[in-house]
Amino acid sequence: MPSQYAYFQKQFVPLPEAKIGIMTHAFNYGTACFEGVRGNWNEDEGQIYLFRPEDHFRRLAKSCRILKLDLELSTRELLDITLKLVEMCGYKEDIYIRPMVYKSSEEVGVRLHNLQSDFLLFVTPFGPYLDVTKGIKCCVSSWRRVDDNSIPARAKVTGLYVNSALVKTEAWENGFDEGIMLNQDGHVSEGSGENLFLVEGNRLITPPVYDNILVGITRETVMALAKNELGMETVERTIDRSELYIADECFLTGTAAHVSPVTEIDHRPVGSGEIGPISGKIQSLYFDVLKGKNPKYMDWCKPAYSRQFDKLPTGL
Ligand code: PMP
């Protein structure tokens, strides 16, 4: 069993020692911003590749600006801390890395100002989030996506995720794998933890950033791969609910969800009802890139183990 550590209150500590007090502001009011970064285990190389960690840290910094959180660490420092923590933990499987900046003052009172901020980081083993092999079944949620003028969805705020949790559990309790949220104005926004793409002929369609989506890093990755490798453009435009029912293909994207083909929406088959050819191609391109198997995209992959894993000293 690899050792479990966290970065907490400016130091590396064993995970069980990283505890917050019950009066912590972020715990009481959801006033924290976080990221989810994947580390992908490459068996052949004995290596874990972190996927686009700097882009996640840059998004974290933007979230912090919206929530008036002080992030004192630079992208480079965040990367160094993360690489060190992953190496200390020494997992030999896919992992999920959770950086968080939170209002750490132990004080009652709903606000964003005059509060201390702190940064924490932990790592946990993390396999597939949705079944990427057989296609998933989605419903359109009865819960609407929270609006930019309510809680900005482009900021990855912990409190915002109550919106996603309502959607996910409603979907699950009704026998679906995932729920798709509509905006306040009834247009398609995104999944509870994923961006959404439709395939229409030789192009991809995805909701624009102003339709209350989290501006996903996987979304951007897929747009780049579709363009560079398949010559497919992505159109960012508002999508009607009924377009979900007539699309050739549909897939969801996210750090946790990878590229998850959707084969059914609201009890209607998407296209043929099987994983579509474009979704399949994008998925396999994506998995190769993620594991550091495509030399063209190695800039996106940061190796966490400075030496081959087997040569690391045991009992770090
Ligand atoms: N939308 C929401 C609501 C999410 O939580 C996520 C996961 N972070 C995404 C989209 C996908 O973003 P990314 O590809 O950057 O993980």
Side-chain angles (χ1 to χ4, degrees), residues 30 32-40 50-64 66-67 75 94-101 124 126 128-130 132 136 138 140-141 143-148 150-171 177-183 187-198 204 206-226 234 236 239 250-260 262 282-283 285-287 289-290 297 300-301:
C33 290
F34 68 105
E35 275 299 323
V37 185
R38 263 202 192 258
N40 302 290
L50 309 193
F51 191 63
R52 301 187 67 171
E54 288 118 318
D55 293 304
H56 284 279
F57 296 136
R58 281 190 274 270
R59 187 170 66 187
L60 182 65
K62 288 182 190 164
S63 296
C64 288
I66 294 175
L67 227 68
T75 298
D94 290 346
I95 54 169
Y96 194 72
I97 300 154
R98 166 58 44 82
M100 183 180 292
V101 188
T124 186
F126 197 58
Y129 178 68
L130 293 169
V132 288
I136 58 165
C138 292
V140 172
S141 182
W143 296 97
R144 292 291 170 100
R145 185 59 166 151
V146 76
D147 191 71
D148 190 58
S150 304
I151 309 175
R154 64 165 48 73
K156 221 170 149 53
V157 179
T158 53
L160 170 69
Y161 276 77
V162 172
N163 188 203
S164 290
L166 289 164
V167 171
K168 182 75 183 185
T169 292
E170 179 191 57
D177 301 302
E178 188 53 282
I180 297 168
M181 294 181 275
L182 304 179
N183 285 335
H187 292 111
V188 175
S189 180
E190 59 180 344
S192 72
E194 308 87 13
N195 294 116
L196 178 141
F197 284 82
L198 299 180
L204 301 178
T206 195
V209 295
Y210 49 79
D211 272 343
N212 294 332
I213 63 167
L214 179 76
V215 186
I217 289 160
T218 321
R219 175 181 182 270
E220 207 223 36
T221 303
V222 159
M223 285 159 78
L225 292 178
T234 302
E236 293 176 74
I239 296 177
C250 175
F251 58 86
L252 302 180
T253 64
T255 297
H258 296 306
V259 175
S260 294
V262 178
I282 290 179
Q283 192 190 55
L285 278 166
Y286 175 76
F287 277 133
V289 168
L290 212 59
Y297 296 98
W300 282 340
C301 301

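Throughout, numbering of the chain's residues begins at 1 and tracks the sequence. All figures in this text were calculated on a predicted structure; none of them were measured in a lab. We count ligands from 1, going down the list as the structure has it; atoms in each ligand are counted the same way.
Defined by atom type and a distance below 3.5 Å, a donor-acceptor pair is missing between the side-chain atoms of Thr75 and Arg58. Counting only N and O atoms by type, the side chains of Asp211 and Asn183 include a donor and acceptor under 3.5 Å apart.
Residue contacts with ligand 1: His56 is placed with no nitrogen or oxygen under 3.5 Å of a nitrogen or oxygen of the ligand (distance criterion only). Checked against a 3.5 angstrom limit, the closest N/O atoms of Arg145 and ligand 1 fall outside it. The shortest N or O to N or O distance between Val215 and ligand 1 is not below 3.5 Å.
In terms of protein heavy-atom proximity, atom 12 (O) of ligand 1 is closest to Gly216 CA, 3.5 Å. Looking only at heavy atoms of the protein, atom 8 (N) of ligand 1 is closest to Lys156 NZ, 2.9 Å. Considering only non-hydrogen protein atoms, atom 16 (O) of ligand 1 sits nearest to Thr255 OG1, 2.6 Å. At the shortest separation from atom 14 (O) of ligand 1 among protein heavy atoms lies Thr218 OG1, 2.5 Å. Protein heavy atom at the shortest distance from atom 10 (C) of ligand 1 is Glu190 OE1, 3.3 Å. Nearest to atom 5 (O) of ligand 1 among the protein's heavy atoms is Tyr161 OH, 2.5 Å.
Classification of Glu190 and Arg145 as a salt-bridged pair holds, one side-chain N sitting under 4.0 Å from a carboxylate O. Using a 4.0 Å cut-off between charged side-chain N and carboxylate O, Glu54 and Arg59 make no salt bridge. Salt-bridge formation is not detected for the pair Glu194/Arg219: no Lys NZ or Arg NE/NH1/NH2 atom is positioned less than 4.0 Å from an Asp or Glu carboxylate oxygen.
Counting heavy atoms only, Gly193 comes closest to atom 6 (C) of ligand 1 of the residues Gly193, Ser192, Gly36.
For the pair Gln283 (side chain) and Val132 (backbone), a donor-acceptor distance under 3.5 Å is present. Within the 3.5 Å criterion, the main-chain N or O of Ala257 finds a donor-acceptor partner in the side chain of Ser260. In this structure, Thr218 contributes its side chain and Thr255 its backbone to a donor-acceptor pair below 3.5 Å.
Note on ligand 1: Arg59 sits in its first shell, one or more heavy atoms being nearer than 4.0 Å.
Annotation for Trp300: atom CH2 counts as buried by contact number, over 12 foreign heavy atoms lying within 6.0 Å.
Every atom of ligand 1 is numbered from 1 in the order shown, and the set under 4.0 Å from a heavy atom of Gly254 is 11 (C), 14 (O), 16 (O). Listed by atom number, the atoms of ligand 1 under 4.0 Å from Ile217 heavy atoms are 13 (P), 14 (O), 15 (O).
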